[in-house]
Amino acid sequence: DGGITQSPKYLFRKEGQNVTLSCEQNLNHDAMYWYRQDPGQGLRLIYYSQIVNDFQKGDIAEGYSVSREKKESFPLTVTSAQKNPTAFYLCASSIDVLAANTGELFFGEGSRLTVL
Amino acid sequence: AQTVTQSQPEMSVQEAETVTLSCTYDTSESDYYLFWYKQPPSRQMILVIRQEAYKQQNATENRFSVNFQKAAKSFSLKISDSQLGDAAMYFCAYYPLQTGANNLFFGTGTRLTVIP
């Protein structure tokens, strides 16, 4: 089945450690996104990528890094520089960035990161 | 600044009844898209309905319809004949076409409970 797979679903991290969240899609979509979801807040864009080897900062990129070496993969690293990393992280994709204009984002099931 | 406001953190509806979720947004642009996304307990976001700002006719998708009031910057979602499977978080989102920010701006969400 086509879709977006995020792993792990739950992750615990000690302060000062980097952690990488995986996002894989088999939809052949060009564009991929990372959002952060906090209780009582809407989704906020961390990074997005329109094509392989290209990515752009979103509204809250500080303390995060990404890579896009393959079309189907867009991992997110939460670094120790992120001051408040405990959150729910959602990965999404669209056929291309323009397709995002029509709202056709496909989301994964998310990863919950807890910093101990 | 572009903001999306959902003033109802929680709503409930009796099964088979109708419920309306409210959303207002703030923008100075004339061209944009508006969306309602559903996030069920599985946490995977799903697009429910989309409205183009240039269209006066309200969008409908089966039991889901919107009341789009452009001058009032209001975009409510009506769910008719509510079903147990409609229970979820609902997010209103806005996409500005003119600035091309490649970003959906989300509201804080409304949690809908469907009472059997």
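Order of the sequence lines fixes the chain letters, A, B, ..., with proteins taken first and strands second; residue numbering starts at 1 for each chain.
Aromatic ring orientation, Tyr64(A) versus Tyr89(A): perpendicular (interplanar angle above 60°, classes split at 30° and 60°).
Heavy atoms of Tyr37(B) lying under 4.5 Å from chain A belong exclusively to its side chain. In this structure, chain B has a heavy atom under 4.5 Å from the side chain of Gln37(A), while its backbone stays farther away. Neither the backbone nor the side chain of Asp38(A) comes within less than 4.5 Å of any heavy atom of chain B. With a threshold of 4.5 angstrom between heavy atoms, Leu105(A) approaches chain B through its backbone and through its side chain. Looking at Gln39(B), the atoms closer than 4.5 Å to chain A (heavy atoms on both sides) all sit in the side chain, from C-beta outward. Contacts of Phe106(A) with chain B are absent, with no heavy-atom separation under 4.5 Å from either backbone or side chain.
Contact tally against chain B (heavy-atom pairs below 4.5 Å) for Ala92(A), Gly110(A), Gly108(A), Gly58(A): the top residue is Gly108(A).
The backbone N or O of Gly63(A) sits less than 3.5 Å from a side-chain atom of Thr79(A), completing a donor-acceptor pair. Glu72(A) contributes no side-chain N or O that, together with a main-chain N or O of Asn28(A), makes up a donor-acceptor pair within less than 3.5 Å.
Closest heavy-atom contact between Val19(B) and Ser12(B): CG2-O, 4.5 Å.
Taking the six-membered ring for Trp, Tyr94(B) and Tyr32(B) have ring centres closer than 6.0 Å.
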Given Asp54(A) and Arg68(A), is the salt bridge (Lys or Arg N to Asp or Glu O under 4.0 Å) satisfied, shown in steps?
CA-CA 7 Å; Asp54(A) 177 77; Arg68(A) 188 84 187 276; over 6 Å; no

